Amino acid sequence: MPQAGELVKLPDHAKTLEALADSNCESFYRGDLASKIDAFFHKIGGWLSGEDLAAFRPAWVMPISTDYHGYTVSEIPPNGHGIIALMALNILEDLNLTDMTSPETYHKQIEALKLAFTDGQHFVADPSCMQVTAEALLSKAYAAKRRETIGEKALMPQAGDPNCGGTIYLCTADGEGNMVSYIQSNYKGFGSGLVVPGTGISLQDRGANFYLDSTSANCAGPNKKPYHTIIPGFLSKDGQPVGPFGVMGGFMQPQGHVQVVMNMIDFGLNPQQALDAPRWQWVGEKKVQVEQSFSPATVDALIRRGHKLEIVTDNGVMGRGQIILRGEDGVLVGGTEPRSDGAIALW
């Protein structure tokens, strides 16, 4: 068994956990709830059946990661889009950004994120259907090629070719070094808005992130998982856990991850300061939303670089995060999102 605080390796526990999952799944799929779900979908003309439920098993996966300025940043692998945050950090790694609030920093962060997001939305899908591996997308050499496309003006991003060379987030930690980064979501509000009668089960609508383009690896189809937005994150250093972090909020999530990670690692902010800092969100093409706390001079400078800026009054669109870091002395330091209801609880 691993010692408390040790990063758990998948092979040590996968078989035990998968066997437990199989047992729990088998019990559920033979039960009354599964029958009610099957009957409900039959009644409304849906495509989910009892056979689908019986064939499903949860996956115990190995996180993907990248090294960034002395730290290892880990995310859930595709079909989730945590890889976008890692690709953006790879692009930003050698840009020597030292001033958190300078227009130059914001510009390059936005451009790197646009490139990573465009690649992610083009390539990320059910891992059994992806035409490019996560390893290829996370290649430092590929990041260097993408970095070369960043100039002084906002670009209209296009996917590259790496082959050529209703959500809540919470985290917890204890004094023994055990840590959890956790996220759960039904997606849009209460998901699909459909509740299986007599169960209280609100059905999610993650299928909304499928494409209908038959040439896309993320095209809707049987036995496929869609592009997925929920991504708990984790930081470690020299093989030791530093702490869990996350910023929920649909397509804001990898953008929030990049911003809070850089705030802590590059700009020396503590977890609460990292969450409090002004945020931006790329929303497509050259359009970027920024919070009201951005200075007018910074807004003007970004507009001159070709960004189409919108100053938003609803800070909720900028995501909602939580962070716990463990210092070298073992002291736990937490941060909670100021843009929504959240709390740091100690016991």
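Model, not experiment: these values are computed from the prediction.
The nearest pair of heavy atoms linking Ile230 to Ser185 is CG2-CB, 3.6 Å. Closest approach of Thr167 to Met248, counting heavy atoms only: O-SD, 2.7 Å. In plain terms, the two heavy atoms of Cys219 and Asp213 that are nearest each other are CB-O, 3.1 Å. The shortest non-hydrogen separation linking Thr313 to Gln292 is CG2-NE2, 3.6 Å. Minimum interatomic distance between Ala134 and Pro78 (heavy atoms only, all atoms of both residues): CB-CD, 4.5 Å. The shortest non-hydrogen separation linking Phe210 to Asn218 is CD2-O, 3.3 Å.
Within the 3.5 Å criterion, the main-chain N or O of Lys287 finds no donor-acceptor partner in the side chain of Glu285. Checked by atom type and distance alone, the side chain of Asp126 never pairs as donor or acceptor with a backbone atom of Lys224 at under 3.5 Å. Between the Arg147 side chain and the Ile91 main chain, a donor and an acceptor come within less than 3.5 Å of each other. A donor-acceptor contact shorter than 3.5 Å is absent between the side chain of Gln289 and the backbone of Val283. Within the 3.5 Å criterion, the main-chain N or O of Ser236 finds no donor-acceptor partner in the side chain of Gln240. One N or O on the side chain of Arg339 and one on the backbone of Leu275 form a donor-acceptor pair closer than 3.5 Å. Between the side chain of Glu291 and the main chain of Pro278, no donor-acceptor pair closer than 3.5 Å is present. A donor-acceptor contact shorter than 3.5 Å links the side chain of Thr118 to the backbone of Lys114. A donor-acceptor pair is defined here as one N or O able to donate and one able to accept, closer than 3.5 Å; no such pair exists between the side chain of Lys108 and the backbone of Ile150. A distance-only check finds a donor-acceptor pair linking the side chain of Asn270 to the backbone of Gln273 [under 3.5 Å].
A donor-acceptor pair shorter than 3.5 Å can be found between the side chains of Lys140 and Thr66. Judged by distance alone, the side chains of Ser49 and Glu51 do bring a donor and an acceptor atom under 3.5 Å apart. Using a 3.5 Å distance cut-off with no hydrogens or angles, the side chains of Gln272 and Asp276 do pair a donor with an acceptor. For the 3.5 Å distance criterion, the side chains of Asn90 and Glu93 fail to qualify, holding no donor opposite an acceptor. Counted by atom type alone, Asp67 and Thr72 present one or more donor-acceptor pairs between their side chains at under 3.5 Å. For the residue pair Arg279 and Ser293, no side-chain donor N or O sits within less than 3.5 Å of a side-chain acceptor on the partner.
Applying the side chain to side chain donor-acceptor pair (under 3.5 Å) rule to Arg320 yields no partners; only residues at least two apart in sequence or on another chain are considered. Residues that satisfy the side chain to side chain donor-acceptor pair (under 3.5 Å) test with Asp38, not counting sequence neighbours, are absent from this structure. Not counting sequence neighbours, Asp300 has no partner by the side chain to side chain donor-acceptor pair (under 3.5 Å) test. For Asp329, there are no side chain to side chain donor-acceptor pair (under 3.5 Å) partners at least two apart in sequence or on another chain.
For Glu104 and Arg305, the salt-bridge test passes: some basic side-chain N is under 4.0 Å from an acidic carboxylate O.
Environment of CD1 in Ile311: sparse, with no more than 12 heavy atoms of neighbouring residues, nucleotides or ligands closer than 6.0 Å. Surrounding NZ of Lys308 are at most 12 heavy atoms belonging to other residues, nucleotides or ligands under 6.0 Å away. Summarising the local packing, NE2 of His69 is surrounded by more than 12 heavy atoms from other residues, nucleotides or ligands at distances under 6.0 Å. At most 12 non-hydrogen atoms from other residues, nucleotides or ligands lie less than 6.0 angstrom from CG of Leu212.
Annotation: side chain of Tyr142 is in contact with side chain of Asp119 (closest heavy-atom distance under 4.5 Å). Ile37 places a side-chain heavy atom less than 4.5 Å from the side chain of Leu53. Side-chain contact check for Leu332 versus Leu325: every heavy-atom pair is 4.5 Å or farther apart. Residues Met100 and Thr105 form no side-chain contact, since every pair of their non-hydrogen atoms from C-beta on lies 4.5 Å or further apart. Under the 4.5 Å side-chain criterion, counting only non-hydrogen atoms from C-beta, Asp266 is in contact with Tyr68. A 4.5 Å side-chain heavy-atom check between Ile76 and Pro232 finds at least one atom pair inside the cut-off.
Tracing side-chain contacts under 4.5 Å through hydrophobic residues (I, L, V, M, F, W, Y), one reaches Val299 starting from Ile110; they form part of the same cluster. A continuous path of ILVMFWY side-chain contacts below 4.5 Å connects Leu48 to Ile44, so both sit in one hydrophobic cluster. When hydrophobic clusters are built by joining Ile, Leu, Val, Met, Phe, Trp and Tyr residues whose side-chain heavy atoms come closer than 4.5 Å, directly or via intermediates, Phe251 is grouped together with Ile83. Clustering ILVMFWY residues whenever any of their side-chain heavy atoms sit less than 4.5 angstrom apart, transitively, puts Ile231 in a cluster other than the one holding Val260. Under the 4.5 Å side-chain heavy-atom criterion for ILVMFWY residues, no single connected hydrophobic cluster contains both Val333 and Leu269.
Val317 belongs to a hydrophobic cluster whose remaining members, ordered by chain and number, are Met252, Val312, Met318; membership requires side-chain heavy atoms of ILVMFWY residues under 4.5 Å apart, directly or through intermediates.
Here Gln259 contributes atom CD and Gln255 contributes atom CD; the two are 7.0 Å apart, rounded to the nearest 0.5 Å. From Asn79, atom CG reaches atom CG of Asn209 across 10.0 Å, with rounding to the nearest 0.5 Å. Atom CG in Asp341 sits 9.0 Å away from atom OG1 in Thr336 (nearest 0.5 Å). To the nearest 0.5 angstrom, Lys286 atom NZ is 13.0 Å from Leu309 atom CG. Atom-to-atom distance recorded for Glu75:CD and Gln253:CD is 9.0 Å, nearest 0.5 angstrom. Taking CD1 of Ile64 as the start and CE of Met87 as the end, the distance is 8.5 Å to the nearest 0.5 Å.
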Go through it in stages, so that I can follow the logic: the residues are Phe41 and Trp47, the test is side-chain contact (heavy atoms from CB on, under 4.5 Å), and I'd like the CA-CA distance, side-chain angles, deciding distance and then a yes or no. CA-CA 7 Å; Phe41 272 92; Trp47 292 345; over 6 Å; no
Could you walk me through whether Leu170 and Ile168 satisfy the side-chain contact (heavy atoms from CB on, under 4.5 Å) test, starting with their C-alpha distance in whole Å, then the side-chain angles of each, then the deciding distance to 0.1 Å, before giving a yes or no? CA-CA 7 Å; Leu170 62 87; Ile168 63 97; 4.0 Å; yes
Does Val73 form a side-chain contact (heavy atoms from CB on, under 4.5 Å) with Leu89? I'd like the steps, not just the answer. CA-CA 9 Å; Val73 186; Leu89 290 172; 4.1 Å; yes
Where do Ile324 and Met179 land on the side-chain contact (heavy atoms from CB on, under 4.5 Å) test, with the steps shown first? CA-CA 9 Å; Ile324 300 174; Met179 299 176 174; 5.6 Å; no
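Relative orientation of the His81 and Tyr227 rings is perpendicular, given thresholds of 30° and 60° on the angle between their planes. Aromatic ring pairs are classed by plane angle as parallel below 30°, tilted from 30° to 60° and perpendicular above 60°; the pair Phe117 and Trp282 is tilted.
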Which donor-acceptor pairs under 3.5 Å do the side chains of residues 190-200 make with protein atoms, sequence neighbours left out?
unit_1, atom_1, unit_2, atom_2, d
Ser192, OG, Leu194, N, 3.1
Ser192, OG, Leu203, O, 2.7
Thr199, OG1, Val196, O, 2.7
Thr199, OG1, Ile201, N, 3.0

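Taking the centre of each ring, Tyr169 and Phe245 stay at or above the 6.0 Å mark.
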